[in-house]
Amino acid sequence: MRTSLAKIFAVGLAAALVASGCNNDREGSAPAGGSSGAPAAGFAKDALIGVALPSKTSENWVLAGDLFTNGLKEAGFQSDVQYAGASTTVADQQAQITAMVTKGAKVIVIGATDAAQLSTQVEQAKQSGAVVIAYDRLITNTTNVDYYIAFDNFKVGQLQGQALLDGMKAKKATGPWTIELFSGSPDDNNSGVFFNGAMEVLKPAIEKGDVIVGSGQTDVKQTATQGWKAENAQSRMDSLLTSTYTSKTLDGVLSPNDTLARAIITSVKGAGKPIPVVTGQDSEVESVKSIMAGEQYSTINKDTRKLVAETINMVKTLQTGATPQVNDTKSYNNGVKVVPAYLLPPVIVTKANAAEAYTDDPKLAPLTK
Ligand code: BGC
């Protein structure tokens, strides 16, 4: 499990550079195979549904918890919605899942805090007859995950890479453009998926010399942001500015999410430098404001309301004993099996399309007026 994640990170840029259109970038490199689908047994209409979420590293997780609690109740289920704590996240989440199994949960929805550390718990879940759904983040190297439901995270990375190129071109018509790369927490399987998606787009420009990674830090180990913590991204950006950009201009930064994008912008502003093109993800309130103010360049809209609603639909289907609908059975290999996935399309958002993108979002739409 570690191996599959380690591989993603060890190969870093190199893997992203060699891969072209193959699906292996979305996970570890073990061959596809294994079973798919869950036992269609059905269960009581008021059964317990467990939801184990990671710590609240971005707004989407906070919102997801509330939506699951209310949505499952509305659908007639009992629910147990838990977050991993801020520091001992892995042990917390492991204990929470075990407790859900003990209490007899029929479906356990998991946003993994560490993709590679849940094999024992999901095995317990399967042995008890529960269905395991990986939510937003894939759980790796186990056959005991029945479904994956997420926005297409490889596509998220591709959209981020393309936005970075487009944003830099709009500011300065011809290259070379100098960039820096940031990735997410190494324990989150999504981090490698986002990075590989983005690098698939950036690779040709880097190879042509149109885009230069100023620090030369292209290995995902160097670009990683432990725990998805803003302070870690900010201090890395501080160091990069001092080591590489005393006289050079920084044109763009690949940031995997909004929290880190704002930390990067804070660092650049603190150093008195012009703000480069910075990507993001999650449509966080402060980042949408920053985009409208012309600071952060882009974000990704992965509407949590839709993702939770689709997950609850899956639970309802399982309750009846039917097999939930999936729309992808080849892309998300977790190292030992291709997990049947229901993928939603992420949407790139810049100042140009923000009003349109958030038109039905009561919280974000007013910010775009
Ligand atoms: C999610 C992102 C989020 C990040 C940090 C990822 O797994 O897909 O939306 O920004 O975790 O919370």
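All values below were derived from every heavy atom in this structure, side-chain atoms included, with hydrogens, water molecules and symmetry-related copies excluded. Computed from a prediction, not measured in an experiment: that's the story for all the values here. Remember, it's 1-based here, ligands and their atoms both numbered in the order they're listed.
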Carboxylate-amine/guanidinium contact D210 K208, below 4.0 Å: yes
Salt-bridge criterion met for R262 and E295 (N-O under 4.0 Å): no
Sub-4.0 Å heavy-atom environment of ligand 1, residues by chain: T57, S58, N60, W61, D136, R137, D188, N190, F194, W228, N257, Q281, D282, K302
Step-by-step salt bridge (charged side-chain N to carboxylate O under 4.0 Å, His left out) determination, K289 to E286: CA-CA 5 Å; K289 286 185 192 165; E286 289 310 314; 3.2 Å; yes
NZ or CZ of K273 within 45° of Y245 ring axis and under 6.0 Å: no
Donor-acceptor pair, side chain of S255 and main chain of A261, under 3.5 angstrom: yes
Short N-O contact, D251 and K171, less than 4.0 angstrom: no
